[in-house]
Number of protein chains: 2
Amino acid sequence: MQNHPPQFNQNHLLAALPPAELERLKSHLELVHMPLGDVLCESGGRLSYVYFPTSAIISLHYILENGSSSEVAGVGNEGMLGISLFMGGENTPTWATVQTAGYCYRLKGPLLLQEFNQGGPLQRVLLRYTQALITQISQTAVCNRHHTIEQQLCRWLLLTLDRLNSQELVMTQELIASMLGVRREGITEAAGKLQQAEIIRYRRGHITVLNRAGLQEHVCECYDVVKKEFDRLFRDVRK
Amino acid sequence: MQNHPPQFNQNHLLAALPPAELERLKSHLELVHMPLGDVLCESGGRLSYVYFPTSAIISLHYILENGSSSEVAGVGNEGMLGISLFMGGENTPTWATVQTAGYCYRLKGPLLLQEFNQGGPLQRVLLRYTQALITQISQTAVCNRHHTIEQQLCRWLLLTLDRLNSQELVMTQELIASMLGVRREGITEAAGKLQQAEIIRYRRGHITVLNRAGLQEHVCECYDVVKKEFDRLFRDVRK
DNA sequence: CGTAGTATGTACGCTAGCGCACAATATGGC
DNA sequence: GCCATATTGTGCGCTAGCGTACATACTACG
């Protein structure tokens, strides 16, 4: 697991800011630990802070009337939670819960808004991130329609892996199922196949990835699309 | 069909601008007719213009490696095409094609960008729209996972209806199927049920909605969520 | 060290939607 | 008015994933 003390630049958005800009924000950035399962925002709820994860992962998901749910995107150290604060409307129908315990830096909403409205590099970075998030959500929509549970599991594992500095995720099959919006048994079956192929190993809430390349052989194209889009959008973000 | 001459304020985003702002843009807004099937943007392609539909409807969709496709959102008179121009990155993996022929006002990309960067009411309106678009895409993702073809067809018909001033859509079942990312036969079946219930009537590429309330009885919650979110975000947009 | 409770494995019938094949019917262009 | 073509109807068998039920196995905690 992640034992390093958190650093500002472990969050890619903070890291993408010009040093002077980050320096200015530092005194307002508060480090907080987020426990697994913590609900940061319910549907229609208002966030008081925006969160920049370093080691935590937050899941953006919807809960339907019949109780079933689906993740539309995850937010890890590549992003932030709380875009509705600067996009307008202040809240969304989305839920946000902690999917992997860890640390975030947080910033008071009004302060972020004020900074955003300066229109400088921070605005640029946040809008780019929002664009990347849209791609992620869109790809989830398409993937939900056309790809198998096994493919989607691989996508989800890879995206989660990219947000951690570890090959092990603390995660029950039940939880993964609710993220993907499928039955727990569906995950048991798909994960069983991957384990037989010696791509992953799991025991009661711990999944270890043995062979990342193996995941990439089983994943659908959706992972690559999202990954490349994030890379592309942040490669030249400072220009 | 729509025989009125197009007006600027038929597009809700343009209508939401303060009169002075709209006045300033008018001389740059060019009215163009968009024929059915026109591809405005391929995956990774760059738009030279942004488009504000009045009577046209544009579909944002993905095409997968295996050739299947799915719409992630539609853009009608409630919105605009080309958010990536101001969000950053200039292009996206999304395709944009004309789903219903009609008119759009278009604006040169660099000009829009310049206006956006003023940070005034236009920026506010465009960001709010983007937020609403995110809700629409998210809801599509969830709907794809959990709802039946019939429910999704109703959602799609209602959303499309809201963008037209007409009860009749010019639309083959084949086209609807490719939007929803399902088989054409699936649409034939679902549409058959709706026709038997006297909710719609169709003949070779023309669908007439006889009973809008009937559609709302068969639709899933997703329609309402999207609809309400658009209403909410634009109710107070000028404040 | 035993046990309660959580997590995972497995089985079975069921349904929605798929893929394919082909029939039937409408419509616009000649 | 006729025909080529686009559109819609229908009928298979098939599969992925669902819902349910219950068995097993791990592990944390007393």
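Sequence lines set the chain letters: A, B, ... in the order given, protein chains first and strands last, and positions in each chain run from 1.
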Set of residues satisfying salt bridge (charged side-chain N to carboxylate O under 4.0 Å, His left out) with respect to B:Arg106, sequence neighbours excluded: B:Glu30
Test side chain to side chain contact (heavy atoms under 4.5 Å, CB included) applied to A:Thr140 and A:Glu71, step by step: CA-CA 8 Å; A:Thr140 303; A:Glu71 181 176 271; over 6 Å; no
Taking every non-hydrogen atom, the tightest pair across A:Cys143 and A:Gln152: O-NE2, 3.3 Å
Closest non-hydrogen atom pair between A:Tyr129 and A:Gly79, with its separation: CE1-CA, 3.3 Å
Side-chain N or O of A:Tyr202 closer than 4.0 Å to phosphate OP1/OP2 of C:dG9: yes
Side-chain N or O of A:Gln173 closer than 4.0 Å to phosphate OP1/OP2 of C:dG9: yes
Assign the ring pair [X] / [Y] to parallel, tilted or perpendicular, where the plane angle (0 to 90°) is split at 30° and 60°.
X: B:Phe234; Y: B:Phe230; result: parallel
X: A:Phe8; Y: A:Tyr105; result: parallel
X: A:His61; Y: A:Trp95; result: tilted

Sorted by number, the residues of residues 61-69 of chain A with heavy-atom contact under 4.0 Å to DNA chain C: none
Atom [atom1] of [X] and atom [atom2] of [N]: how far apart are they, to the nearest Å?
X: B:Glu174; N: C:dG19; atom1: CD; atom2: C1'; answer: 14 Å
X: A:Leu36; N: C:dA7; atom1: CG; atom2: P; answer: 10 Å
X: A:His147; N: D:dG17; atom1: NE2; atom2: C1'; answer: 16 Å
X: B:Arg201; N: D:dT8; atom1: CZ; atom2: P; answer: 14 Å
X: B:Leu169; N: D:dT7; atom1: CG; atom2: P; answer: 15 Å
X: A:Asn144; N: D:dG17; atom1: CG; atom2: C1'; answer: 13 Å
X: B:Leu194; N: D:dT8; atom1: CG; atom2: P; answer: 14 Å
X: A:His146; N: C:dC18; atom1: NE2; atom2: C1'; answer: 12 Å

B:Met80 vs B:Tyr51, side chain to side chain contact (heavy atoms under 4.5 Å, CB included): CA-CA, chis, key distance, verdict: CA-CA 5 Å; B:Met80 69 164 290; B:Tyr51 296 83; over 6 Å; no
Short side-chain donor-acceptor distance under 3.5 Å, B:His206 and B:Glu168: yes
Between the first and last five pairs of the helix from C:dC1-D:dG30 to C:dC30-D:dG1, the angle of the axes, rounded to 10 degrees: 30°
Position toward the 5' end of DNA chain D (nearest nucleotide), B:Gly205 or A:Gln152: B:Gly205
5' precedence on DNA chain C between A:Gly192 and B:Ile149 (nearest-nucleotide basis): A:Gly192
Under 4.0 Å protein heavy-atom contacts per nucleotide of nucleotides 25-30 of chain C, with B for base, S for backbone only and - for none: BBS---
Distance (rounded to the nearest 0.5 Å) between B:Leu60 CG and B:Thr92 OG1: 7.5 Å
Gap between atom CD1 of B:Ile83 and atom CD1 of B:Ile134 - 0.5 Å precision: 7.0 Å
Proximity to DNA chain D (any heavy atom under 4.0 Å), residues of residues 175-189 of chain B only: B:Arg184, B:Glu185, B:Thr188
side-chain hydrogen bond (donor to acceptor under 3.5 Å, both in side chains) contacts touching residues 179-192 of chain B (sequence neighbours left out): B:Gln173-B:Thr188, B:Arg184-B:Thr188
Stepwise side chain to side chain contact (heavy atoms under 4.5 Å, CB included) test for B:Ser178 and B:Leu175: CA-CA 5 Å; B:Ser178 86; B:Leu175 187 50; 4.0 Å; yes
4.5 Å side-chain heavy-atom contact, A:Cys104 and A:Thr54: no
